[in-house]
Structures are given as C-alpha cells and as structure tokens.
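Right, one structure below, let's go through it.
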Protein chains: 2
Amino acid sequence: MAESDFTMQDEMRRAFAMLSGKWKLEIMWLLHQRVYRFGELRKAIPGITQHMLSAQLRELEADGLVSRTVFAEVPPRVEYEMTQKALGLGPTMAALTVWWEEYGKTIPPRPSTRGRKAEAQSGQKGRSSEAR
Amino acid sequence: MAESDFTMQDEMRRAFAMLSGKWKLEIMWLLHQRVYRFGELRKAIPGITQHMLSAQLRELEADGLVSRTVFAEVPPRVEYEMTQKALGLGPTMAALTVWWEEYGKTIPPRPSTRGRKAEAQSGQKGRSSEAR
DNA sequence: CGGTATCCAAAATGATACTG
DNA sequence: CAGTATCATTTTGGATACCG
C-alpha cells in the first residue's frame, strides 16, 4: 500500500487546489448547508470583500463546485448553491465539523510565535520540539 | 436548527484559518497517513519550495496540528507528524478522498478563466447557470 | 442588489543563495 | 539534510467609482 498512495495523492492534488483558496473552505462549508445569496455570503463571512467573494465564487464555479443562478427581478437576486458534484462534500464538511467540536475547543486561541522548550538530548532518539 | 448554525460557523472560522494555507490541506492529507521527514514532504509535494514548506509547517505547528521532532544525528533528520488533536481529522481526510474518487474524475481539467456569456432570462424563476 | 473595474497597500508565495 | 535570509512576483485586502 505504499506506491498506490502516491498515485492517489497525485490525483488528489486537483481537489486540494480547488479548495485551497483563502475563503473557499468557509464558502463551501456555508453552501453545504443551504443556498445563499451574494449578500448573505458577505454578511456570513465577516472579513471578506466583494472583490474576493466574487473572485472565489467565480473560481469555484469554474471548477464546477458551485452554480450561480440569476433571477431577473428588481432588485436583482443571485443565488449560489453547490453543484451535484460538490454535494458529495457533505460528509467531508460534516466530519470537519465533528472534529472541531471535539478537538477545536481544546486548542488555545493561538500560540502565535511563542518560545518553545529546550530541546534534544544527546545523540539519543529522544524526541524534542526544539526552539527556533 | 437555524440560529445555532451561525454560531457554529463562527466557531469554525478558526478551523478554516488553520487549514487555509495554500499547501496545508495537502500536507495534512499526507501526514494523516504516516510520519514524514522534511525532505520526503518536499518530494511528495512537487510544486512547493523549501521556504513555503517550512513556513506552512511552522504555522501548523503553532496551531497545534503538527509536531516536529529533531533527531540529533548526522545527517540531520527531522520528522513531522500529526498531533493527537489533528488525528481526529482522519475521517475528514477519508471523506475528502472518497468524494474525489467518486466525483473528481468527472470534473474537467479546468475551464480556466474564460469570459462568461450574458445571463438570465425573463422575470421567471427559471434558473440559469448561463454558459461560460 | 449584485456585481465589475481601478489603483494602491499589505500579505502570501516563489526563486535563489547560503548555512549548521 | 533541513533549514534560514533575501529579494522578486503574485495574491489578497481596502477603498472608491461605476453599471445593469
């Protein structure tokens, strides 16, 4: 089971690229729950700008993960939702949510760049996280 | 199950931040399988540079997802592995893998950023993804 | 309301050189 | 082997203007 893993990782690379945008995980996590309008996404994602939201959505759309629906009304309404392909990400999002509920709360607010303990013993295999 | 979802999303934001680096998903996907040395990660992740690999690993370490172990040998050896907390990401990685195996292969190589056509029809609710 | 276009600042990433 | 330092390039953030 060694070599085949590398091949699989090779295949997975495109999946990582599709989800690696700075806001894509958050957008997909929201859309996996329900349909969102453009403005709703903006409000739901505090730090994001129109520019970036628009750009990330266009990329997700180009990758076939999100569909864009325009309603010719006044005022204009545009809805975003996951495509059939992306709906399969449901279990992934669910697993991620479960993980964070279990372990996330035990992770400190952000160690930031804190000093770490001393390190390594002698030549032994003793494990150490040594400092920078 | 409406209002609580928004609170949850708020909690999740830190999790997204931890995994949103350009190479973090790929790194975590690899480490969820086994322990890797620095050089092994480099070879396993074709496009990455030393600089980025080092930086992303430091961030993952700061977030408590990865542990770094230095062996005082010659030549130097450093191993990276998931922490106990991050091991809970296993189901997430597995679900992601399953998803890509099922749907990924049906997604075209990349539509790239092509111009989009005009949109929406008349005032009806008719959904239109308008062609690219 | 839901965008796109611009311009500029800041941050993230990439390339190359050098070190313990 | 496993990095760090430095500098170039690319992405992203922010503000504003403008459009259907």
Side-chain angles (χ1 to χ4, degrees), chain A residues 16-17 19-27 35-62 66-81 112-113 116 119-120 123 127-132, chain B residues 16-27 35-63 66-81 113-123 127-130 132:
Chain A
F16 299 135
L19 300 173
S20 288
K22 183 163 184 180
W23 304 95
K24 289 183 181 176
L25 276 181
E26 190 161 355
I27 291 171
V35 172
Y36 273 83
R37 296 180 55 171
F38 187 85
E40 289 180 321
L41 285 173
R42 270 196 60 162
K43 288 185 298 185
I45 310 177
I48 205 169
T49 60
Q50 291 176 332
H51 188 80
M52 283 311 299
L53 178 54
S54 179
Q56 301 271 289
L57 284 171
R58 275 192 284 106
E59 288 187 16
L60 290 171
E61 198 187 354
V66 166
S67 70
R68 180 175 181 270
T69 305
V70 179
F71 294 90
E73 311 172 345
V74 251
R77 181 158 59 105
V78 180
E79 291 187 350
Y80 291 89
E81 66 185 319
S112 196
T113 316
R116 249 157 313 168
E119 50 192 272
R127 311 198 141 199
S128 58
S129 323
E130 61 103 67
R132 291 199 274 292
Chain B
F16 299 136
M18 288 182 183
L19 300 172
S20 287
K22 182 165 182 178
W23 305 95
K24 289 184 182 175
L25 277 180
E26 190 161 354
I27 291 171
V35 174
Y36 273 83
R37 298 181 54 171
F38 186 86
E40 288 179 321
L41 284 173
R42 267 197 58 162
K43 287 185 298 183
I45 309 177
I48 205 170
T49 60
Q50 294 171 330
H51 186 81
M52 283 312 300
L53 178 55
S54 179
Q56 302 271 288
L57 284 171
R58 276 191 284 107
E59 289 187 16
L60 289 171
E61 197 187 355
D63 283 328
V66 166
S67 70
R68 179 173 181 273
T69 306
V70 180
F71 295 91
E73 313 174 344
V74 248
R77 181 159 60 106
V78 180
E79 290 187 348
Y80 292 89
E81 66 185 317
T113 313
R114 312 285 300 110
R116 236 162 318 170
K117 313 293 294 312
E119 16 205 281
Q121 2 276 63
S122 31
R127 313 201 139 195
S128 57
S129 327
E130 102 281 318
R132 279 192 282 279

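The structure displayed is predicted, hence computed values, not measured ones.
For D:dA2, the OP1/OP2 oxygens have no side-chain nitrogen or oxygen of B:Tyr36 closer than 4.0 Å. When the side-chain nitrogen and oxygen atoms of A:Tyr80 are compared with OP1 and OP2 of C:dG3, one or more of them lie within a distance under 4.0 Å. Using a 4.0 Å cut-off, some side-chain N or O of B:Ser54 falls inside it from OP1 or OP2 of D:dT4. Taking side-chain N and O atoms only, B:Arg68 has no distance below 4.0 Å to OP1 or OP2 of D:dA2. Using a 4.0 Å cut-off, no side-chain N or O of A:Lys22 falls inside it from OP1 or OP2 of C:dA11. Under 4.0 angstrom from either OP1 or OP2 of D:dT12 there lies no side-chain N or O belonging to A:Trp23. Dashed line: the shortest gap from a side-chain N or O of B:Arg37 to OP1 or OP2 of D:dC1 is not under 4.0 Å.
With D:dG3, D:dA2, C:dG14 as the candidates, the nucleotide lying closest to the side chain of B:His51 is C:dG14. For B:Thr49, taking side-chain heavy atoms from C-beta onward, the closest of the listed nucleotides C:dG14, D:dT4, C:dG20 is C:dG14.
Of the inter-residue distances, the one linking B:Arg42 atom CZ with B:Ser54 atom OG reads 11.0 Å to the nearest 0.5 angstrom. Within the model, atoms CD1 of B:Ile27 and CG of B:Leu53 stand 5.5 Å from one another, a figure rounded to the nearest 0.5 Å. From A:Tyr80, atom OH reaches atom CG of A:Leu57 across 5.0 Å, with rounding to the nearest 0.5 Å.
Rounded to a whole Å, the CD atom of B:Glu73 is 16 Å from the C1' atom of C:dG20. Distance, A:Arg58 CZ to C:dG3 P: 10 Å, rounded to whole Å. A straight line from CD of A:Gln50 to C1' of D:dC19 spans 13 Å, rounded to a whole angstrom. Residue B:Lys43 contributes atom NZ, which lies 13 Å from atom C1' of D:dA2 at whole-angstrom precision. For the pair B:Arg77 CZ and D:dG3 C1', the computed distance is 16 Å after rounding to whole Å. For B:Met52 and C:dA12, the CE to C1' distance is 7 Å, given to the nearest whole Å. Going from atom CD1 of B:Ile48 over to atom C1' of C:dT13 covers 10 Å, rounded to whole Å. Note: CD (B:Glu26) to P (C:dT13) measures 14 Å, nearest angstrom.
One finds no salt bridge joining A:Glu81 and A:Arg68 here, because no Lys/Arg side-chain nitrogen approaches an Asp/Glu carboxylate oxygen to under 4.0 Å. Ion pair B:Arg77/B:Glu79 flagged as a salt bridge, since at least one NZ, NE, NH1 or NH2 atom sits closer than 4.0 Å to an Asp/Glu carboxylate oxygen.
Each of A:Gly47 and B:Arg42 was assigned the nucleotide of DNA chain D with the nearest heavy atom; the assignment lying further toward the 5' end belongs to B:Arg42. Both A:Phe38 and B:Gly21 lie near DNA chain C, and the one whose nearest nucleotide falls closer to the 5' end is A:Phe38. Both B:Leu57 and A:Gln56 lie near DNA chain D, and the one whose nearest nucleotide falls closer to the 5' end is B:Leu57.
Rotation axes derived from the C1' atoms of the five outermost pairs at either end of the helix from C:dC1-D:dG20 to C:dG20-D:dC1 lie 50° apart, to the nearest 10°.
Shortest non-hydrogen contact noted between B:Ala44 and B:Pro46 is O-CD, 3.2 Å.
Residues B:Lys24 and B:Glu59 are in side-chain contact: their nearest non-hydrogen atoms beyond the backbone lie under 4.5 Å apart. When side chains are defined from C-beta on, B:Ile45 counts as touching B:Trp23, because their heavy atoms get closer than 4.5 Å.
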